[in-house]
Amino acid sequence: MLTARRRVVATAVVLAGSLLLTSCGGSGSGTSDGKTLRLWHYEGPDSAMGVAWNEAIKEFEAKHPGVKVKFEEKGFEQIQKTAPMVLNSSDAPDIMEYNKGNATAGLLSRQGLLTDLTAEAGKRGWDKEIPASVRTTSMYDANGVMGSGKWYGVPNYGEYTMVFYNKDLFRKYKIAEPRTFGRLTAAMDEFARAGVTPLANAGAEYMAQQYLYQLALSRADRSWVDKYELYKGRTDFHDAAWTYAATTFADWVRKGWISKASSGTKAEDAGVSWIRGKAPILFSGSWWYGRFQTEATFDWDTSLWPGSNLTLGSGGNLWVVPKGAKNKELAYDFIDITLSKKIQNLLGNKGGVPVAADASAITDPRAKALISGFNTVSARDGLAFYPDWPVAGFYDTLVSETQKLITGSEKPDAYLGNLQKAYDQGVPKR
C-alpha cells in the first residue's frame, strides 16, 4: 500500500519522467565491477529506518573492504510509478526498498522483475528470524498473491496502526481518555459539542480509508481478511462489516467528528495538525511514532483501536533484489546486516518496530511501548494488512470514493457498490 509514512525526499525530488529517461538512456550505471552496491530507498534520513539503514551502510562497508555503497534516495511515488520500467532496464539497482502487497511487490514478482530469494532465505535463516505474521508479505505465488509461494522480499521492521491521544487536550476539556469503543465515541461527541473537531483526518490520501477499514475490521475476523486480501472466498462489500464501516464513517462526518473540509487534506497536513495540538485524536500508524516523539511538545499517549482484535498493519516495506541486479551476493549481505542485532536494536531505540531485536537492548520507554503494542497484535494474529492492497489501482479508487463519502456527494450504499465494481475487476483470475 501507499503506506503512510511521511516521505522525506531530499536530493531525489525529481519528476517521474526524469527517472524514466535515466533508466532508458543507457547510462551504463547498470554495469558493475563488483566493488559498488547500488542501493535505493525512500526513508527520510531522520526517520528510525533512515538512521538504521545509514548505520547498516557503514557496517556493510566496514565488512566489505574496497566495496562502496552508492546510495540513491528516491521518492516513494517515484519508485511506485516507475519501478516496472526501471527494473526492466539496465539501470536497475542491486537492492531496493519497495512496497509490499499484491498490487506492488506481488505485481513485480508476477512480471518476472524480482529475484527469487527463497534459497537465500533458507540459507541465511531469514525464514526463521522473521515472524510468521510479518513474512506473509515476503512470499508471492505465481499470480502475485501474497502469503505463499516464493520469497521475493525481506522486511526488517514491522508497522501497525494505533490511536494517538493528545492528553493535554483531554485534560483541558475534562474528558476521560477512552479505553473502550464506547468511551471513544463519547469523547468525540464531547469534543464536538465543545467546538473541537476530534479526529485529524486526510481524505486526499490514505488516512480516511484507513479509518473506514478499521471500522470494518472491528466487525470482522481473520477469514474475512483472508477473503478480501488473499482471495480465499468472495468479498461482499455490502456485508455487515463493510456496511457498518461506511454508514458509521458517514455518520461521524455528519456529527462533526470528521471535518468535511478534510476531504482535500493530505496525511502530512493531518499529522502536523495533531503535532500542533489542533486535534485531540489521530488514528494512524507507527511510522509517525518517531516523529511525534521529536516534534510533539505536549503530553501524549497511544492505544490500540478499542474493541477490535484486528488492526491495519504488516511487516514493513521490503528489500527486493531486482532480477537484473549485478551484485546480488552483496545485496544479500546487506539484507543480513539490516537484520543484525546491532541494526535492529538501533531501529527499535529510534522509534521503529524491529523484527529481530534484543528486547533487553531497547531502553527508551516509548520505544518499548511501541514494540509491545506490535507484539500484542502479532500474538493474536491481528495484523490485517491495508485496504488498498488487494488489486492494482485500488488505492486511487479508495481515495476518490472516500472523499465523496466525506463531502456527502455519495451515500454509503453507492460507495460500497463502486468499491465492489473496482475490486471485482481487479481480482486476478485463478
Between CH2 on residue W151 and OG on residue S138, distance to nearest 0.5 Å: 4.5 Å

Taking ring pair (Phe, Tyr, Trp, His ring centres under 6.0 Å) as the criterion, tell me which of W53, Y157, Y98, Y332 meets it with W319. W53

Sequence neighbours excluded, every pair satisfying ring-ring contact (aromatic ring centres under 6.0 Å, His included) that has a member inside residues 347-383: Y160-F374

Partner set under salt bridge (charged side-chain N to carboxylate O under 4.0 Å, His left out) for E401, not counting sequence neighbours: K404

Could you tell me whether D221 and K227 have a side-chain N and a carboxylate O separated by less than 4.0 Å? no

Considering all heavy atoms, the nearest P198-A279 contact: O-CB, 4.2 Å

Please confirm whether the ring centroid of Y423 lies under 6.0 Å from the ring centroid of Y228. yes

For A422 versus V391, what's the shortest heavy-atom pair and its separation? O-CG2, 4.3 Å

Supply the atom-to-atom distance L405 CG to S400 OG, rounded to the nearest 0.5 angstrom. 11.5 Å

Please answer whether the main-chain N or O of P354 pairs with a side-chain N or O of Q344 as donor and acceptor at a distance below 3.5 Å. no

Interatomic spacing from CD in Q209 to CG in L398 - rounded to 0.5 Å: 4.5 Å

Is the positively charged end of R219 above the ring of W242, judged by distance under 6.0 angstrom from the centroid and angle within 45° of the axis? no

Kindly compute the distance separating CH2 (W224) from CG (D236), expressed to the nearest 0.5 Å. 10.5 Å

Any donor and acceptor pair, going by atom type alone, linking the side chain of T376 with main-chain N or O of S372 inside 3.5 Å? yes

Side chain to side chain donor-acceptor pair (under 3.5 Å) with D333: which of R124, K63, K328? R124

Rounded distance [0.5 Å steps], OG1 in T243 versus CG in L215: 12.5 Å

Could you tell me whether a side-chain N or O of S308 sits under 3.5 Å from a main-chain N or O of L310, the two making a donor and an acceptor? yes

What orientation do W389 and F385 show, parallel under 30°, tilted 30 to 60°, or perpendicular over 60°? parallel

Indicate the atoms forming the closest heavy-atom contact of A208 with N201, along with that distance. CA-OD1, 3.3 Å

Short side-chain to backbone donor-acceptor contact, N418 and T397, under 3.5 Å: no

Centroid-centroid distance, W252 to F249, less than 6.0 Å: no

Kindly say whether F237 contributes a backbone atom to a donor-acceptor pair with the side chain of Q420 at under 3.5 angstrom? yes

If you count the non-hydrogen atoms of other residues, nucleotides and ligands that lie under 6.0 Å from CZ in R380, is the total more than 12? yes

Once rounded to the nearest 0.5 Å, what's the spacing between atom CG of L318 and atom OG of S109? 10.5 Å

Parallel, tilted or perpendicular for F283 and W305, by the 30°/60° rule? perpendicular

Below 6.0 angstrom between ring centroids: does that apply to F292 and F164? yes

Main chain of K341, side chain of N345: is a donor-acceptor contact present, judged purely on distance under 3.5 Å? yes

Answer yes or no: are there more than 12 heavy-atom neighbours, outside K167 itself, under 6.0 Å from its atom NZ? yes

Taking all non-hydrogen atoms of both residues into account, name the closest pair between T265 and A270 and its distance. CG2-N, 4.0 Å

Would you say Y213's side chain and A245's backbone share a donor-acceptor pair under 3.5 angstrom? no

Can you say whether the rings of W274 and W300 are parallel (under 30°), tilted (30 to 60°) or perpendicular (over 60°)? perpendicular

Under-4.0 Å salt bridge between E55 and K350: no

State, without any angle test, whether T402 and Y415 hold a side-chain donor-acceptor pair at a distance under 3.5 Å. yes

Smallest heavy-atom separation, P306 atom then R179 atom, equals CB-O, 3.9 Å

Sub-3.5 Å donor-acceptor pair from the side chain of R366 to the main-chain atoms of G351, do we have one? no

Grab the two heavy atoms, one from Y386 and one from P390, that are nearest each other, plus how far apart they are. O-CD, 4.1 Å

